Amino acid sequence: MTKTNMPIRYLVSRHAAAITWIKQQTPVDQVIGHFDSNLIQPGDTVIGTLPVHIAVQVCLRGGKYLHLELTIPSEQRGKELSLEEMSACNPTLTYFQIMPKKDDGL
């Protein structure tokens with residue numbers, strides 16, 4: 001993947017319904033199935049459902065993290081959802097700024 005000086009909007013997903021729904025909501029430059037935080041430059045946006053420790057890497061590198069939120073019924077968890085099923089799960093996209101915090105003696 002070639003890096004330009006313009007910010008890139010990465011969509012990280014292997015789920016067809018999520019890719020379709022997100023592209024209907026917001027511009028996407030590249031869809032990637034496996035995320036490498038080394039791709040991120042200041043101003044880039046990463047869209048998806050990243051684990052917290054990886055979303056932190058996006059933010060620490062100066063990127064923005066746009067999280068896909070779904071309310072998935074327990075009987076549908078772990079299954080590939082159709083676009084219709086996913087749409088019924090009230091999907092939303094929310095920006096998060098995530099930073100690590102030093103251990104406070106937990």
Side-chain angles (χ1 to χ4, degrees):
M1 290 177 216
T2 304
K3 187 65 187 165
T4 66
N5 292 332
M6 297 293 296
I8 296 176
R9 293 176 63 86
Y10 296 99
L11 168 52
V12 182
S13 183
R14 293 182 299 268
H15 302 285
I19 292 168
T20 299
W21 186 85
I22 291 169
K23 284 182 166 184
Q24 291 172 349
Q25 309 305 310
T26 190
V28 171
D29 297 314
Q30 292 183 24
V31 177
I32 52 179
H34 179 74
F35 181 67
D36 178 357
S37 64
N38 292 316
L39 293 171
I40 302 305
Q41 299 295 317
D44 288 350
T45 299
V46 178
I47 308 161
T49 56
L50 299 180
V52 171
H53 70 285
I54 296 176
V56 164
Q57 293 173 17
V58 171
C59 296
L60 288 174
R61 294 182 65 87
K64 300 173 187 174
Y65 177 54
L66 186 56
H67 185 75
L68 172 62
E69 297 180 53
L70 299 167
T71 304
I72 302 175
S74 60
E75 64 273 4
Q76 287 184 313
R77 291 188 187 142
K79 297 180 181 177
E80 190 68 26
L81 301 177
S82 69
L83 183 57
E84 295 75 23
E85 290 169 327
M86 184 183 151
S87 295
C89 293
N90 302 313
T92 59
L93 292 170
T94 305
Y95 277 105
F96 283 90
Q97 179 68 33
I98 304 170
M99 292 293 162
K101 186 172 187 281
K102 291 190 177 190
D103 181 1
D104 288 358
L106 299 175

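Heavy atoms only: backbone and side chains are in, while hydrogens, waters and symmetry mates are out. From a predicted model like this one, the values you see are computed outputs, not experimental measurements.
The line from OG1 of Thr49 to NE2 of His15 is 6.5 Å long, rounded to the nearest 0.5 Å. If you take CD1 on Ile40 and CD on Gln57, they are separated by 10.0 Å, rounding to the nearest 0.5 Å. The structure places CE of Met86 at 11.5 Å from CD of Gln76, a figure rounded to the nearest 0.5 Å. Here the CG atom belonging to Leu70 is positioned 7.5 Å from the OG1 atom belonging to Thr92, to the nearest 0.5 angstrom. Within the model, atoms CG of Leu60 and CE of Met99 stand 5.0 Å from one another, a figure rounded to the nearest 0.5 Å. With rounding to the nearest 0.5 angstrom, the CZ atom of Arg77 is 8.5 Å from the CD atom of Glu75.
Between Ile32 and Tyr10 the shortest heavy-atom distance is CD1-CD2, 4.0 Å. Nearest heavy-atom pair, Ala18 versus Ser13, reported as atom, atom and distance to 0.1 Å: CB-OG, 3.8 Å. Scanning both residues, Leu81 and Cys89, for their nearest heavy atoms gives CD1-SG, 4.3 Å.
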Requested in this report: Please lay out, stage by stage, how Ile72 and Glu85 fare under the test side chain to side chain contact (heavy atoms under 4.5 Å, CB included).
Outcome: CA-CA 9 Å; Ile72 302 175; Glu85 290 169 327; over 6 Å; no
Query raised in the report: Is there a side chain to side chain contact (heavy atoms under 4.5 Å, CB included) between Ile54 and Val12 once you walk through the steps?
Result: CA-CA 12 Å; Ile54 296 176; Val12 182; over 6 Å; no
Report task. Show your reasoning for whether side chain to side chain contact (heavy atoms under 4.5 Å, CB included) applies to Leu68 and Leu93. Result -> CA-CA 5 Å; Leu68 172 62; Leu93 292 170; 4.1 Å; yes
Report task. Verify side chain to side chain contact (heavy atoms under 4.5 Å, CB included) between Leu83 and Gln24, making sure each step is shown before the conclusion. Result -> CA-CA 11 Å; Leu83 183 57; Gln24 291 172 349; 4.2 Å; yes
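For the 3.5 Å distance criterion, the side chains of Arg9 and Thr26 qualify, holding a donor opposite an acceptor.
Exactly one of Leu50, Val58, Val52 qualifies for a side chain to side chain contact (heavy atoms under 4.5 Å, CB included) with Ile98. That residue is Val52.
In this structure, Lys23 and Val31 have side chains that are in contact, with non-hydrogen atoms separated by less than 4.5 Å. Using a 4.5 Å heavy-atom threshold, the side chains of Leu66 and Ile22 count as separate. In this structure, Ser82 and Ser87 have side chains that are not in contact, with every pair of non-hydrogen atoms separated by 4.5 Å or more.
Using the six-membered ring where Trp is involved, Tyr65 and Phe96 have ring planes that are tilted, between 30° and 60° apart.
A donor-acceptor pair under 3.5 Å links the side-chain atoms of Asp44 to the main chain of Ile8, judged by distance alone.
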